[in-house]
Amino acid sequence: MKQLGILDSAFINLEQSNTPQHVGGLGIYDPSTAAGGFVRFKDVISSFERRLNKHPLFRTRLIEVPGGLDRPYWVKDANFDVEFHLRHIALPEPGDWRQLCIQVARLHSRPLDMSRPLWEAYIIEGLDNIPNLPKDCFAIYTKMHHALVDGAGGSSFMALIHDLVPNPGPDDDTMEEPRLVDVEPSVTELLAKASVNTAKNTLGVLRGTARNSLALGRYALDVARKEIPAPDIDAPKTVLNRPVGPHRVFDAAEFPLEGFKDIKNAAGTTINDVALAVVGGALKRYLEARGDAPETGSLAAGIPLNMRTRRDTTDDNNQVGSVYASLHTDIDNPLERLQAVHQSTAEAKESGEQSPLVDVLKIAGVFSPAVTRAVAGLWSRNELSKYLPVNISTVVTNVQGPDFPLYCAGAEMVDYYGLGVLTPGMGLFHAAFSYAGKLTLAVLGDRQIMPDPEFYHDCLVASYEELYAAATEYLPASRAAQARAKVDASKRKRAKSASPSKPAKKQTPARKKAAAGKKPAARKSAAGKSTKAKTASAGKARAKAASKTTAKSKTTARKKVAASKRPATKGKAPAKRKAAARRKTGTRAKVKPKLS
C-alpha cells in the first residue's frame with residue numbers, strides 16, 4: 001500500500017464531471033505484420049496481460065480515507081481483471097475518419113470508474129474508409145487517469161504495452177510470476193494514519209508556505225531588477241476561455257517530421273517552437289474566420305515542463321510543472337511569429353524554472369481532499385476562472401516518441417495521437433507527438449467552444465504550409481526542392497471541410513455536406529437515368545426477339561433481360577444500396593466485427 005504524492009493527489013481532487021482528469025492516446029495498427037496477417041481480440045488481451053504483469057501500478061486502485069481527511073492510497077487490486085479494462089467495438093459503415101474522431105471524443109468525455117484501476121483501452125475496428133491506411137487496420141484508444149501518468153509517463157506506458165519486434169520469442173522475463181496483492185486497510189487503520197499524517201502535513205504546509213513566500217519574494221525582486229524576464233499576463237479573453245462542458249471534439253493533423261526539422265533549421269529554433277507557431281497561426285486563422293479574433297494583444301498557451309530533467313526525481317507518478325508563453329498571434333508574418341515564439345518560450349522557461357508558480361498545481365494536493373474538492377467544485381460551478389487576469393487559450397504539449405516502429409500483438413503501430421485534459425476556463429488542448437518519421441498534432445476541444453473541428457484541422461494544415469513555404473526560402477535550393485516534394489507527397493487530407501479563408505461559422509457540417517453532395521448526386525442521378533433508359537430499350541429489343549422463339553428460348557431471354565437490368569442497380573455505390581435498404585426496412589446498419 002502506497003500513499004499518493006501531492007501532485008498525484010491534486011489530479012484526483014480536481015476530478016469534476018465536466019473536466020475529468022484523464023489523458024489518452026489513439027494508436028492505429030497494421031495487422032499484416034502479425035502472424036498469419038491478422039489479429040484476434042484474444043491476442044490483444046494476451047499481449048496487454050503479458051506486458052502489464054511487469055508493471056503492477058496499472059493493477060492498483062484507489063482507497064479513499066473516510067471523510068477525505070487525508071490523501072488516498074494505491075492498493076494492488078486482488079480482483080483485477082484485464083478483460084474489464086479492454087473493450088472491443090467497431091465503427092458503423094462506412095468507417096471514415098470523421099466517425100473515428102467522434103467515437104474517440106465520446107470515449108474521452110466519459111469519466112473513469114474511480115473504484116477500479118484507473119485506465120481503460122478500446123480496440124476499434126471498421127476503419128475501412130480512411131485514406132492512406134493499411135487494409136483491415138484497427139485502432140486502440142487508451143485512457144489513463146492523470147494521477148497515474150504525466151506526459152513523460154504516458155509515453156512510458158505506451159512503451160510498456162508495445163514490443164520492439166512483431167513476434168517476440170519467449171525469454172526468462174515472460175515466465176509468469178505470482179501476483180502480489182495488498183490487504184485492504186480497515187477504516188480504523190486509515191483514520192489512525194490520517195491523524196498522524198495531518199500533524200505532519202500541517203508542519204509541512206507551514207514550512208512550505210514560508211519557503212514559497214521567500215522564493216516568491218526573491219522572484220519578484222529579480223523581475224523588478226530585470227534579471228529575469230517578467231511574465232506576460234495581459235493575454236486577451238476569447239471564445240476559447242468560455243466555461244467547459246462535458247462533451248468533447250477530437251481531430252488531428254499529420255505532418256512529416258522532416259518538414260518540422262527543415263523549419264527548425266532554417267529559423268534556428270526548436271521543434272517545440274515550430275509546433276507552437278503552427279498552433280498560433282491556426283488559431284489566428286480560426287478566430288478571424290469566426291469573427292472572434294481579439295482586436296489587440298496575442299493569445300497565450302500553457303506549456304507543461306518535465307521536472308524530472310530540472311530537479312531531483314521522486315517516486316511520484318507526476319513530476320510536471322507548467323509555464324505559459326505568448327503565441328504572438330498578432331504577428332502576420334509566419335517567420336517573424338516563429339522567432340517571437342522562440343524568444344517567448346526561452347523567457348518563459350527561464351523565469352518559470354525560478355518561479356514557485358511553476359508548481360502552482362500542487363496547491364490542490366497539499367490540503368486534504370475534503371477541502372480541495374469542495375473548492376474545486378465551487379470554482380467549476382461558479383465559473384470563477386473567468387475572473388483571473390491570466391487568460392490561457394490552450395495548452396500545447398510536445399512528447400518525443402520513438403523513431404522506430406512499435407508492435408502490439410504483432411501489429412505495427414503506424415500512427416499515434418495524444419489527448420489531454422481540459423480545465424474549467426480553457427477549452428482547447430493540443431498534443432504534438434513524433435513517431436517513426438511523422439509528427440501528429442492532435443486537438444481536443446469542448447464541443448460548444450469548437451463546434452467545427454474539421455475546419456480547424458484545415459487551419460492547422462494551412463498554417464504549417466504557410467510557415468514551411470516561408471522557411472524554405474532560407475534553405476539551399478537543392479534541399480528546399482527535395483523537402484517541398486516530400487511535404488507534398490506526405491500531405492494527408494482525411495476530413496472534408498471548408499477553405500480556411502472562409503468563415504467557420506458559415507461552414508456548418510450540414511451545409512458542408514449539402515455543398516459537397518449537390519453536384520455529384522446530380523451526376524449520379526443523370527447517369528442512373530441514362531443507364532435505365534438504355535437498359536429498358538435493350539430489354540424491349542431482346543423481349544421482342546425472344547417472342548419468336550420456343551418456350552425455352554423465352555426463359556433464356558428473360559434471364560438476359562434481368563441480367564441487362566442489373567447494371568442500373570450496380571450503378572449505385574454499395575454503401576448507398578445498403579442505406580436505401582435500411583430506409584425501406586427501417587433498420588440500422590449492423591456492425592460486423594472482423595476480429596473474433
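Note that the numbering runs from 1 along the sequence shown for the chain.
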Looking at residues at least two apart in the chain, or sitting in another chain, which of them share a side chain to side chain donor-acceptor pair (under 3.5 Å) with [X]?
X	result
Q343	E347
H342	D273
E120	Y122
Y141	H108

Exam field: side chain [X] to backbone [Y], donor-acceptor pair closer than 3.5 Å:
X	Y	answer
S109	H247	no
Q103	Q99	no
Q3	R71	yes
Y435	L406	yes
S344	A340	yes
D452	E454	no
N241	T238	yes
S326	S298	no
H146	V149	yes

Is any side-chain heavy atom of [X] closer than 4.5 Å to a side-chain heavy atom of [Y]?
X	Y	value
I28	L133	yes
N13	S9	yes
I140	T142	yes
F433	Y417	no
F48	I161	yes
E64	I12	yes
L439	I271	yes
V421	T19	no

Q: Let me know which of F80, F58, W74 forms a side chain to side chain contact (heavy atoms under 4.5 Å, CB included) with P117.
A: F80
Any salt bridge between [X] and [Y], counting N to O under 4.0 Å?
X	Y	result
D77	R61	yes
D292	R290	yes
E295	K237	no
D332	K284	yes

Could you report the tightest heavy-atom contact between [X] and [Y], atom names first, then the distance?
X	Y	answer
A253	V461	CB-CG2, 4.2 Å
E254	D415	OE1-OD1, 2.8 Å
L118	L112	O-CD1, 3.7 Å
V65	A194	CG1-CB, 4.0 Å
P304	T397	CG-CB, 4.0 Å
A252	A442	CB-CA, 3.8 Å

Straight-line distance of [X] [atom1] to [Y] [atom2], nearest 0.5 Å:
X	Y	atom1	atom2	result
I102	R248	CD1	CZ	16.0 Å
L276	L338	CG	CG	9.5 Å
Q21	E15	CD	CD	6.0 Å
L444	L428	CG	CG	8.0 Å
Y73	L4	OH	CG	10.0 Å
L26	K143	CG	NZ	13.5 Å

Q: Start with the C-alpha gap between I123 and I89, add the side-chain angles, then the distance that decides, and say whether side-chain contact (heavy atoms from CB on, under 4.5 Å) holds.
A: CA-CA 6 Å; I123 288 78; I89 61 177; over 6 Å; no
Q: Sorted by first residue and then second, give each salt bridge (Lys or Arg N to Asp or Glu O under 4.0 Å) pair with at least one member in residues 101-114; sequence neighbours left out.
A: D113-R116
Q: Quick one: do L100 and L127 satisfy side-chain contact (heavy atoms from CB on, under 4.5 Å)? Show the steps, please.
A: CA-CA 8 Å; L100 178 61; L127 286 63; 4.1 Å; yes
Q | Test side-chain contact (heavy atoms from CB on, under 4.5 Å) applied to Y29 and C137, step by step | A | CA-CA 6 Å; Y29 298 82; C137 64; 6.0 Å; no
Indicate, with yes or no, if the rings of [X] and [Y] have centres closer together than 6.0 Å.
X	Y	value
F11	H22	no
Y468	F260	no
W119	H145	no
H430	Y456	yes

Q | side-chain contact (heavy atoms from CB on, under 4.5 Å) evaluation trace for T394 with L283 | A | CA-CA 10 Å; T394 184; L283 289 175; 4.1 Å; yes
**Q.** side chain to side chain donor-acceptor pair (under 3.5 Å) pairs, two or more places apart, involving residues 440-451
**A.** none
Q) Will you find, in the side chains of W97 and N129, an N or O donor that is under 3.5 Å from an N or O acceptor? A) no
